[in-house]
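Reckoned from all heavy atoms, side chains included, excluding hydrogens, waters and symmetry mates. Computed from a predicted structure; not experimentally measured. Residue numbering restarts at 1 for every chain, and letters A, B, ... go by the order of the sequence lines.
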Protein chains: 2
Amino acid sequence: MVSQSELSDVEIDRIFQALAASTRRDILRRTLVAEQSVSELAAEYDMSFAAVQKHVAVLEAARLIVKRAVGRERLVSANPEVIARAQALLARYEELWRARVDQLDALLAEPDN
Amino acid sequence: MVSQSELSDVEIDRIFQALAASTRRDILRRTLVAEQSVSELAAEYDMSFAAVQKHVAVLEAARLIVKRAVGRERLVSANPEVIARAQALLARYEELWRARVDQLDALLAEPDN
DNA sequence: ACTTTGTGAAACCATTTGGTTGTACGTTAG
DNA sequence: CTAACGTACAACCAAATGGTTTCACAAAGT
């Protein structure tokens, strides 16, 4: 079992904000597959090292990734836990929708209409 | 079956960007449960009508909601289709993670280690 | 006919975002 | 020891964001 403290609004803001840029989604994808140093990541994109580092920082603030120090390198790996939380959030939205549809169905099934 | 054209990066950007503000998530929640006019929505928040209208516009640009005109009102309702797409995206990320874990498991299960 | 209501859009402003370059500093390599 | 590498951070800038107020206009109510 993992820590199941509820996510605050600002935390959710940060998660979706972090996901709202394709470079960051790509970094997330890469680090889900395998741990990578910040330089390795930076080499993949057509922008400065500092820019990539900032993207990594945004993902880290959202706790979508974690870094661990190994010598002078910082190895980045994704945190699937938080991704799962975001997914669960969206799933709850869909549930609201289903409830609405069910309610409508029940109404239509009412005999005295 | 619904239209299954692939989402572009910018479309995905817009979806997550739209989800990255709690007011907009709240609007989405309300309109998932029941159709609401823009004024009805605006009445719920401590900001100007124009501000809420802008939030609605952001959600609409992301196609997370749709509007239909009834007289002078614009009735807003959520589009669960797009929410499902976002959820599916996150699910694929989790799948990448699982593949990584499986690969690691296989490696550890190797007899000649 | 006039007024009110619901919506949209423009202009404006402060803050945030996403990029840049430059600097500093610890770690590894020669 | 010195040079190169990996990272972090600050300062700066343009563009986007999130709010405001104001104006315009069509639809509904009186």
>> Quick check for you: among dT20(C), dG18(D), dG8(C), whose closest atom lies nearest to any side-chain atom of Lys54(A)?
In response: dT20(C)
> Looking at residues at least two apart in the chain, or sitting in another chain, which of them share a side chain to side chain contact (heavy atoms under 4.5 Å, CB included) with Ala51(A)?
Replying inline: Met47(A), Ser48(A)
>> So if I take every side-chain heavy atom of Met47(B) and compare against dG6(D), dA11(D), dT20(D), which nucleotide ends up nearest?
In response: dT20(D)
>> Using modelled atom types and a 3.5 Å cut-off, is there a donor and acceptor pairing between side-chain atoms of Glu44(B) and backbone atoms of Leu41(B)?
In response: no
> How close or far is atom P of dG6(D) from atom CZ of Arg68(A), stated in whole angstroms?
Replying inline: 17 Å
>> How many whole angstroms separate atom CD of Glu60(A) from atom C1' of dT7(D)?
In response: 12 Å
> Rounded to the Å, how far apart are Glu73(B) CD and dA27(D) P?
Replying inline: 13 Å
> Which residues satisfy the salt bridge (Lys or Arg N to Asp or Glu O under 4.0 Å) test with Arg100(B), sequence neighbours excluded?
Replying inline: none
> Which part of the nucleic acid does Gln53(B) contact within heavy-atom distance under 4.0 Å: base, sugar-phosphate only, or nothing?
Replying inline: base
> What pairs of residues pass the side-chain hydrogen bond (donor to acceptor under 3.5 Å, both in side chains) test when at least one of them lies in residues 14-24 of chain A, not counting sequence neighbours?
Replying inline: Arg24(A)-His55(A)
> Can you name the residues that form a side chain to side chain contact (heavy atoms under 4.5 Å, CB included) with Leu96(A), not counting sequence neighbours?
Replying inline: Tyr93(A), Arg29(B), Leu32(B), Val33(B)
> What string of B, S and - do you get for nucleotides 21-30 of chain C, 5' to 3', when a contact is any protein heavy atom under 4.0 Å?
Replying inline: B----BBB--
> Who pairs with Asp13(A) by side-chain hydrogen bond (donor to acceptor under 3.5 Å, both in side chains), at least two apart in sequence or on another chain?
Replying inline: Arg25(B)
>> What is the distance, to the nearest angstrom, from the CD atom on Glu40(A) to the C1' atom on dC5(D)?
In response: 13 Å
> If you take all heavy atoms of Ala18(A) and Leu64(A), which pair is closest and at what distance?
Replying inline: CB-CD1, 3.8 Å
> To the nearest Å, how far apart are Asp46(A) CG and dG19(C) C1'?
Replying inline: 12 Å
>> Among dG19(D), dG18(C), dT7(D), which nucleotide has an atom closest to any side-chain atom of Arg74(A)?
In response: dT7(D)
> Glu95(A): what forms a side-chain hydrogen bond (donor to acceptor under 3.5 Å, both in side chains) with it, not counting sequence neighbours?
Replying inline: none
> Given atom CD1 of Ile65(A) and atom P of dT7(D), what is their separation to the nearest angstrom?
Replying inline: 12 Å
>> Using whole Å, what does the distance between atom C1' of nucleotide dG18(C) and atom CG of Leu59(A) come to?
In response: 13 Å
>> Restricting to side-chain hydrogen bond (donor to acceptor under 3.5 Å, both in side chains), what partner residues turn up for Glu94(B), sequence neighbours left out?
In response: none
>> Any residue in residues 11-25 of chain A with a heavy atom nearer than 4.0 angstrom to DNA chain D? Just list them by number, or reply none.
In response: none
